[in-house]
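Step one of this worksheet: look at the structure below.
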Protein chains: 2
Amino acid sequence: MAVRRKIDDYTLCLSCGRSECTERRFHPIMEKSKERSLKMKKLTIDDVARKAGVSKSTVSQYLNQRYQYMSEATRQRIAQVIEELEYRPNGLARSLKQNRTYLVGVIVANIDYNLSIRCVKAIESELQSRGIQTLICNADEDPDKERSHIETLLARQVDGLIVFPTAHQAAIYEKLNEQHTPYVFIDRLVEGVRTQSLLLDNEAAVKMGVSELIASGHSRIGIMTLPLGVQPITPRKERLAGFRKVMEEAGLPLCEDYVCSAAAADLADELAKLMALPEPPTAIIAANDIVLAELLKASNRQGIQIPQQLSVIGIDDAEFAQIYNPAVTTLSQPAREMGTQAAKIIMAGIEDKEKPVPITYRFAPSLQVGASVKDLRRGE
Amino acid sequence: MAVRRKIDDYTLCLSCGRSECTERRFHPIMEKSKERSLKMKKLTIDDVARKAGVSKSTVSQYLNQRYQYMSEATRQRIAQVIEELEYRPNGLARSLKQNRTYLVGVIVANIDYNLSIRCVKAIESELQSRGIQTLICNADEDPDKERSHIETLLARQVDGLIVFPTAHQAAIYEKLNEQHTPYVFIDRLVEGVRTQSLLLDNEAAVKMGVSELIASGHSRIGIMTLPLGVQPITPRKERLAGFRKVMEEAGLPLCEDYVCSAAAADLADELAKLMALPEPPTAIIAANDIVLAELLKASNRQGIQIPQQLSVIGIDDAEFAQIYNPAVTTLSQPAREMGTQAAKIIMAGIEDKEKPVPITYRFAPSLQVGASVKDLRRGE
DNA sequence: TGGAAAATAGAAATCGTTTTAAAAGAAGGG
DNA sequence: CCCTTCTTTTAAAACGATTTCTATTTTCCA
């Protein structure tokens, strides 16, 4: 044990419970540093200029790769000095003067959705390839946090914003329009705001799900979503509305008991109620990741066999859908593509300085066939 | 359908496949904006000063809440003008002058681990409560990306860095020490670098796992990890080494066939090989999220019954462990606490300007009992 | 060799703040 | 009524770059 506890000068083992550790657990011991006090002088462009024997304007030209303004010799000298000194220009000063930060802010409504993370990864990778850094903020479904993040990001002069909005705060976004800050919405819309948006074709997703169920002989189909609330979040609203419409189009009876919107914590109860009906549904569409998770957990606990007793189709990109036994059939979103496109659009907005026509891009879901749908026709 | 396609001026349905959409799918139509060209003049502190009839120094004092330098009347006047104009100070200029950005960079080795996200959420929330913004970067297990992220973040003058390192690039971090930029490691260590680090007590985790299995009568216990590689990543290395040690301490025979490190894609094969042994293990410890995911998927496909045929214990915080049927017993990390502490430590480094003594904090894992371990004693 | 054009270097203004030191005004005491 | 002593207010110098415009040097050609 001794070895493990000495990886560094001190290694306090929080699991050992020894009394000697307790006191200092979370109180890092500091020691005054002499060097720190005598203010570290930072390297500036002047230092480089002096050492290279040129003016700082020349160095600046070099930094911005305008080599036509200097002789080959100067160029090399500057390069060498920068190398030696390990000089790195101060991004703040640069951005201040250039009025460009090469920063794009991403505000995620809820980072717990797998979709968010997948989109963000795509956004980051696309932007990075263009030399832009991404500042990710999580609003945690709180409109106030969303607003405050926008304020902070603007104060930092970000070049653009990609937003998974939490609510319908049109006023904020109107202001962004006024000051010509490019922004796009992704996954969800904000009512009354004219800008570019990228979303799943939610109705198509529901339709594909229902079709799949019908093809397997189901007709008693239900849907579970999170609560709609006063300002319904786009995907929930569209998926629910889509469900009603699609069922009607398919000529299937829509039983209101089969349509349920409830908070995550209440979904288990709702499921129990559904299954206790004289005529329970034979299949349920889980309108998103979170609903699917609750649904699976609840059916484990309640001993509901999937798909023998209940067929399930999920919408979204939950990782666990593929891992669950049986694998859950889902309608997944082209998250990578959506993120990449969002990034491209925002870059167009930043670089072209032209006002884009508001467009809502709709992305097609794709069916990931699992084994969570029972084929009623063959009585499997 | 018509309604849905007109949420905004244009709504192109990417799922409908109509030929008319195809062309413009990803080519946002731009229109020249007249206003954009006549350069938006940004509101500055001068505008406020002029309108309030005071000097800009006074306004600046106001902005920094040093009200003792002005009369109550001026104070109110400035407040009002700022309100009217909706003036927001330029963060770049501020940071440049103050030599403080109120930005902390977080570099995540791999954002696909649930642990990463949970830590990041905790970090973000702790920092935000102190008025600090978090800039999250994903290194994607690529040391070059890690390095480049550090460079960019430093160029932006972040106040501190929280790093889930990808490899053992000591040199970079030495430089951080030299220039007195506070940073901490989390989840993994970098060999040869003296700083504060926060990690799971990996050995304790393995020990708890093995104990749990022994308590249920298992003795043929295996472990699966991702590849160790040339520069072994801390948790893998420690968990594997810990396993060997703990088995020995427990007086159990350690069969080398039961110890396997392989890439995610090869784990299914490895599992098949293990189960095909004349004496297959009765239990396996999955050393992290990814291994557990592959293990579960593979056993689904290979028809291996958990826990009847094989007991499983996972280390880490995979969401799907609780959702899987049966729920998987895991050793989970106190991610929230780790993140919060990392944030606190980095803030201490930033504010106290004192050099911390290098400490490696070890966090205790906790056992989440599921139903993935068969009790061999009762022949369950 | 003179002079114009091209190449190179440098001075100074600027970006939008903060901060310091000093000026101006008000109040109080003798 | 002048001199202190506070209280308010302001001017000016940073912060670390970029950029424009001018000055200097080279080069080249007649």
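Order of the sequence lines fixes the chain letters, A, B, ..., with proteins taken first and strands second; residue numbering starts at 1 for each chain. Predicted, not measured: the structure shown is a model, and the values here were computed from it.
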### Message
Would you say E337(A) and Q341(A) are linked by a side-chain donor-acceptor pair, where the criterion is simply a distance under 3.5 Å?
### Response
no
### Message
Once rounded to the nearest 0.5 Å, what's the spacing between atom CZ of R94(A) and atom CG of L96(B)?
### Response
13.5 Å
### Task
Round to a whole Å and report the spacing from CZ of R50(B) to P of dT17(C).
12 Å
### Query
In whole Å, what is the span from the CG atom of N99(A) to the P atom of dT17(C)?
12 Å
### Message
Measuring to OP1 and OP2 of dG16(C), would you say a side-chain N or O of T44(B) lies under 4.0 angstrom away?
### Response
no
### Message
Less than 4.0 angstrom from a charged side-chain N to a carboxylate O is my criterion; do R130(B) and E126(B) meet it?
### Response
yes
### Task
Using distance alone, with no hydrogens and no angle criterion, decide if S60(A) and S57(A) have a side-chain donor and acceptor under 3.5 Å apart.
no
### Task
Say whether, by atom type as modelled, one donor and one acceptor occur between the side chain of S95(A) and the main chain of R100(A) under 3.5 angstrom.
yes
#### Entry: Side chains of L63(B) and Y87(B) in contact at under 4.5 Å (non-hydrogen atoms)
yes
### Whole angstrom value for the distance that separates P of dA11(C) from CD of Q61(A)
15 Å
### Task
Could you grab the distance from atom CZ of R75(B) to atom OH of Y69(B), nearest 0.5 Å is fine?
15.5 Å
### Query
How are the rings of Y173(A) and F185(A) set to each other: parallel, tilted or perpendicular (split at 30° and 60°)?
perpendicular
### Query
In whole angstroms, how far is the C1' atom of dT8(C) from the CD1 atom of I78(A)?
11 Å
### Task
Find which nucleotide of DNA chain C each of L96(B) and S57(B) is nearest to by heavy atoms, and output the residue with the more 5' nucleotide.
L96(B)
### Query
Roughly, in whole Å, what's the span from CE in M70(B) to C1' in dG25(C)?
17 Å
### Message
I'd like the 5' and 3' limits of the part of DNA chain D contacted by chain A, with heavy-atom contacts below 4.0 Å.
### Response
dG16(D) to dT20(D)
### Task
Return the value, rounded to whole Å, for the distance between atom NZ of K97(A) and atom C1' of dC15(C).
6 Å
### Query
Can you list, by residue number, the residues of residues 84-94 of chain A that have a non-hydrogen atom closer than 4.0 angstrom to DNA chain D?
Y87(A), P89(A), N90(A), A93(A), R94(A)
### Message
Return whichever of Q68(A) or K56(A) has its heavy-atom-nearest nucleotide of DNA chain C closer to the 5' end.
### Response
Q68(A)
### Query
Does a donor on one side chain and an acceptor on the other come within less than 3.5 Å for N99(A) and K42(B)?
yes
### Query
When all nucleic acid strands are considered with a 4.0 Å heavy-atom cut-off, which category describes T74(A): base, sugar-phosphate, or nothing?
sugar-phosphate
### 5′-ward residue of the pair I45(A)/S71(B) relative to DNA chain D
S71(B)
### Task
Can you tell me the distance, in whole Å, between the CD atom of Q65(B) and the C1' atom of dT19(C)?
16 Å
### Query
Quick one: on DNA chain D, does V59(A) or V54(B) contact a more 5' nucleotide (nearest heavy atom)?
V54(B)
## Note on the structure
D46(B) atom CG is separated from dA13(C) atom P, nearest whole Å, by 17 Å
### Message
Using a heavy-atom cut-off of 4.0 Å across all strands, would you classify R75(B) as base, sugar-phosphate, or nothing?
### Response
nothing
### Message
Can you list everything that forms a ring-ring contact (aromatic ring centres under 6.0 Å, His included) with F164(A)? Sequence neighbours excluded, please.
### Response
none
